[in-house]
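The figures here come from the full heavy-atom set of this structure, side chains too, leaving out hydrogens, waters and symmetry mates.
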Amino acid sequence: MNKRNYQKELDQVLDQLCTDKEETAPTLLLHSCCAPCSSYVLEYLSRYFRITVLYYNPNIYPESEYHNRVQEQMRLIRELPTRYPVDFLEGDYIPADFYHCAKGMEEIPEGGKRCFACLRLTEAVRTAKEKGCDYVATTLSISPLKNAEKLNEIGEELAEQYGVRWLPNDFKKRNGYKRSTELSKEYDLYRQDYCGCIFSYRERHPEASV
């Protein structure tokens, strides 16, 4: 079986949107893990969609880190020029939900099965359905540590269950990750050195007593 090219599939969706030339842009519910990862995605997709950024990340450790990331996400949305306006929606921050989900997988390396079991995609798709958005996606595929194929597989399954359209993506392609680092410097974004959860923090900082 040939490996799917998610960037090519995204190109096809965007080309069709340009061909349709609707009076109003379609809506996209975009789950974001942090401002730096969302920077390129917002720059790219806001030319085609009216985006609502969902910041739902109960995995973030510690709580102060979570609030830092929320503030940076909101600041980026205010400062980044976009063709269509971008809205912001903050989800509930309940770390216990994440720990329950990750139970038994604490020692699995970053990017593995623990990440696949994360609640964030489910909440993103559920919210997209609730808000009546035309499409749903996540910024997570921009990370070199994340498996875009698995993210799309999970997203498509959830989207089918909820009756919404998943936007295929692999945002690290076409230098997406590189562009995100450039935008982070341009906007002086706080750029953390670990993915977000306590387990990824321990991987990056084995000397820390947490």
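With sequence neighbours left out, Tyr48 forms a ring pair (Phe, Tyr, Trp, His ring centres under 6.0 Å) with no residue at all. Legend: residues meeting salt bridge (Lys or Arg N to Asp or Glu O under 4.0 Å) with Glu79, ordered by chain and number and at least two apart, are Arg75. Listed by chain and number, the residues in a salt bridge (Lys or Arg N to Asp or Glu O under 4.0 Å) with Glu160 amount to none (sequence neighbours excluded). The ring pair (Phe, Tyr, Trp, His ring centres under 6.0 Å) check on Tyr56 picks up nothing, with sequence neighbours excluded. For Tyr6, the ring pair (Phe, Tyr, Trp, His ring centres under 6.0 Å) test picks out no residue, with sequence neighbours left out. In this view, Thr52 satisfies the side chain to side chain donor-acceptor pair (under 3.5 Å) rule with no residue, not counting sequence neighbours.
The distance from the CZ atom of Arg47 to the CG atom of Leu42 is 12.0 Å, given to the nearest 0.5 Å. For the atom pair NZ (Lys172) and OG (Ser180), the distance works out to 11.0 Å, reported to the nearest 0.5 Å. The CD atom of Glu72 sits 12.0 Å away from atom CZ of Arg191, with the distance rounded to the nearest 0.5 Å. If you take SG on Cys34 and CG on Asn68, they are separated by 12.5 Å, rounding to the nearest 0.5 Å. Taken to the nearest 0.5 Å, the CD1 atom of Ile51 stands 7.5 Å off from the OG1 atom of Thr82. Ile94 CD1 to His100 NE2: the interatomic distance, rounded to the nearest 0.5 Å, is 13.0 Å.
Between Asn57 and Arg120, the shortest heavy-atom distance links the atoms OD1-NH1, 2.9 Å. In terms of heavy atoms, Pro85 sits closest to Arg50 at CG-NH2, 3.5 Å. Closest heavy-atom contact between Pro62 and Tyr194: CD-OH, 3.7 Å. Here the closest non-hydrogen pair linking Phe171 and Thr138 is CE1-O, 3.3 Å. In terms of heavy-atom proximity, Ile198 sits nearest to Tyr61 at N-CB, 3.6 Å. Shown here for Tyr66 and Gly91, the closest heavy-atom pair between the two residues is OH-O, 3.8 Å.
Side-chain atoms of Thr181 come within 3.5 Å of backbone N or O of Lys178 as a donor-acceptor pair. Side-chain atoms of Asn147 come within 3.5 Å of backbone N or O of Glu149 as a donor-acceptor pair. In terms of modelled atom types and a separation under 3.5 Å, the side chain of Tyr93 and the main chain of Ile60 share a donor-acceptor contact. Checking side-chain atoms of Asn5 against main-chain N and O of Lys8 turns up a donor-acceptor pair under 3.5 Å. Arg179 places no side-chain N or O within donor-acceptor distance of the main-chain N or O of Tyr40, the cut-off being under 3.5 Å. A donor-acceptor contact shorter than 3.5 Å is absent between the side chain of Asp170 and the backbone of Asn152. Between the side chain of Asn169 and the backbone N or O of Ser141 there is no donor-acceptor pair closer than 3.5 Å. Without hydrogens or angle criteria, Arg204 side chain to Asp193 main chain gives a donor-acceptor distance under 3.5 Å. The closest donor-acceptor contact from the side chain of Gln7 to the backbone of Lys173 lies at 3.5 Å or more, if one exists at all. Judged purely by atom type and a 3.5 angstrom limit, Ser39 has no side-chain atom pairing as donor or acceptor with the backbone of Ser184.
Side-chain contact between Ser32 and Gln73 is present, with at least one heavy-atom pair separated by less than 4.5 Å. Contact of the Tyr84 side chain with the Phe49 side chain is not registered, since no non-hydrogen atoms from C-beta on lie closer than 4.5 Å. When side chains are defined from C-beta on, Cys133 does not count as touching Val164, because their heavy atoms never get closer than 4.5 Å. Within the 4.5 Å cutoff, side-chain heavy atoms of Arg126 are placed close to those of Tyr162. Two residues are said to be in side-chain contact when any heavy atoms from C-beta on lie closer than 4.5 Å; Phe88 and Glu90 meet this criterion. For the pair Tyr44/Leu10, a side-chain contact is recorded, criterion being any heavy-atom separation below 4.5 Å from C-beta on. Counting heavy atoms from C-beta outward, Lys129 and Leu29 have side chains that stay 4.5 Å or more apart. Side-chain contact between Glu153 and Lys150 is present, with at least one heavy-atom pair separated by less than 4.5 Å.
Just one residue in the list Arg69, Glu63, Gln71 forms a side chain to side chain donor-acceptor pair (under 3.5 Å) with His67, and that residue is Glu63. Under the side-chain contact (heavy atoms from CB on, under 4.5 Å) rule, Asn59 has a single partner from Cys101, Cys33, Cys197, which is Cys197. Exactly one of Thr139, Val136, Leu54 qualifies for a side-chain contact (heavy atoms from CB on, under 4.5 Å) with Leu30. That residue is Thr139.
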### CA sep, side-chain torsions, deciding dist, call: Cys37, Leu140, side-chain contact (heavy atoms from CB on, under 4.5 Å)
CA-CA 7 Å; Cys37 286; Leu140 288 168; over 6 Å; no
### Query
How far apart are the C-alpha atoms of Thr27 and Tyr135, what are their side-chain angles, what is the distance that settles it, and do they pass the side-chain contact (heavy atoms from CB on, under 4.5 Å) test?
CA-CA 6 Å; Thr27 53; Tyr135 293 88; over 6 Å; no
### Query
Do Leu45 and Leu28 pass the side-chain contact (heavy atoms from CB on, under 4.5 Å) test, and can you show the C-alpha distance, the side-chain angles, and the key distance before you say yes or no?
CA-CA 9 Å; Leu45 294 184; Leu28 169 66; 3.7 Å; yes
### Message
salt bridge (Lys or Arg N to Asp or Glu O under 4.0 Å) for Arg174 and Asp11? Distances and angles first, verdict last.
### Response
CA-CA 12 Å; Arg174 293 185 182 162; Asp11 288 340; 2.5 Å; yes
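For the 3.5 Å distance criterion, the side chains of Tyr190 and Glu65 qualify, holding a donor opposite an acceptor.
Using cut-offs of 30° and 60° on the angle between ring planes, the pair Phe98 and Phe199 is tilted.
A continuous path of hydrophobic side-chain contacts links Leu158 to Leu89 [ILVMFWY only; heavy atoms under 4.5 Å].
Heavy atoms of other residues, nucleotides or ligands lying less than 6.0 angstrom from CG of Asp92 number 12 at most.
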